[in-house]
Amino acid sequence: MCRHLGWLGDRRSIASLVLEPPSGLLVQSYAPRRQKHGLMNADGWGVGFFDEGAVRRWRSASPLWGDASFASVAPALSSNCVVAAVRSASVGMPIEPSASAPFTDGQWLLSHNGVVDRAVLPPTSGAESTVDSALLAALIFERGLDALGDTVIEVAAADPNARLNILAANGSQLRASTWGDTLSVLRRDDGVALASEPYDDNPDWQEVPDRHLVVVEDSRVELIPLKGSS
Ligand code: GLN
């Protein structure tokens, strides 16, 4: 499954978050270390960030490792709040730039690491693609990010095989869920990173237990068990 990354803190370059770390998303696109589903993430990538309140995105349906233009520009892009992902498409899903996370409603950037049966999702409008993750994102936007935990529990009840690791940001907050896949958190002096897997060997990375909600705000990290956990 895909790998995602979130950053909230001091302004950092996109290259320092995505391309330069020894096990960052660039390396995870061909050699992830903790991926349980899929071998590599070659079906696209996306980077979203907040720029004085505005959402900016760069998405692609090609492998991140082949994008020399992005590699050239990424050192010049910087933000205090970033959501990025590399994609391994689930069986039967479209491969197109609009199917790559992060998705947005104009206020939040959102990535989904996992899979869900599209037939169980209540109808919504405004999905960016027919990929399951875009339909799920539209539902989460409609319900509101304050209800992220409730929405995850409801969707998991409707599809017990769903994996629902969500990572979202709005410029001043990160919100994430663990439901079936890995997530780690790194608290640094200059901010907080959330990542499907650690992007370096810093011993301060901590694994988030499964079936939890993570809320990051003002450099505080809160972990909340999700009801319905077994
Ligand atoms: N199901 C989503 C897709 O097909 C996400 C896949 C993933 O997490 N690898 O894009």
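As the structure lists them, so they are numbered: ligands from 1, and atoms in each ligand from 1. As a basis for the values below, the full set of heavy atoms in this structure was taken, side chains included, without hydrogen atoms, waters or symmetry mates.
Considering backbone and side-chain atoms together, Gly114 places an N or O closer than 3.5 Å to an N or O of ligand 1. Residue-to-ligand polar distances place Cys2 within reach of ligand 1: an N/O pair is separated by less than 3.5 Å.
Of all atoms in ligand 1, listed by their number and element, those nearer than 4.0 Å to a heavy atom of Ala89 are 4 (O). Listed by number with element, the atoms of ligand 1 under 4.0 angstrom from any heavy atom of Asn113 are 8 (O). For ligand 1, the atoms lying closer than 4.0 Å to a non-hydrogen atom of Met93 are 4 (O).
The side chain of Arg87, and not its backbone, has at least one atom closer than 4.0 Å to an atom of ligand 1 (non-hydrogen atoms only; side chain from C-beta on). Within the 4.0 Å heavy-atom criterion, the part of Val131 lying near ligand 1 is the side chain and not the backbone. The parts of Ser90 lying near ligand 1 are both backbone and side chain, judged by heavy-atom distances below 4.0 Å.
A donor-acceptor pair is defined here as one N or O able to donate and one able to accept, closer than 3.5 Å; no such pair exists between the side chain of Asp132 and the backbone of Arg118. Under a 3.5 Å cut-off, the side chain of Ser100 and the backbone N or O of Ala61 do not form any donor-acceptor pair.
Comparing Val116, Leu136, Val115, Asp132 by heavy-atom distance to atom 1 (N) of ligand 1, the nearest is Asp132.
In this pair, Trp58 and Trp45 present their aromatic rings tilted. The plane angle is within the 30 to 60° band.
Ionic pairing of Asp181 and Arg3 is present here: one or more N-O contacts between side-chain nitrogen and carboxylate oxygen are shorter than 4.0 angstrom.
Taking the side chain to side chain contact (heavy atoms under 4.5 Å, CB included) definition, one finds that Leu8 meets it with Asn80, Cys81, Leu174, Val216, sequence neighbours left out.
No side-chain heavy atom of His4 sits under 4.5 Å from any side-chain heavy atom of Val83.
The salt bridge (charged side-chain N to carboxylate O under 4.0 Å, His left out) contacts involving residues 13-30 comprise nothing, where partners must be two or more places apart or lie in separate chains.
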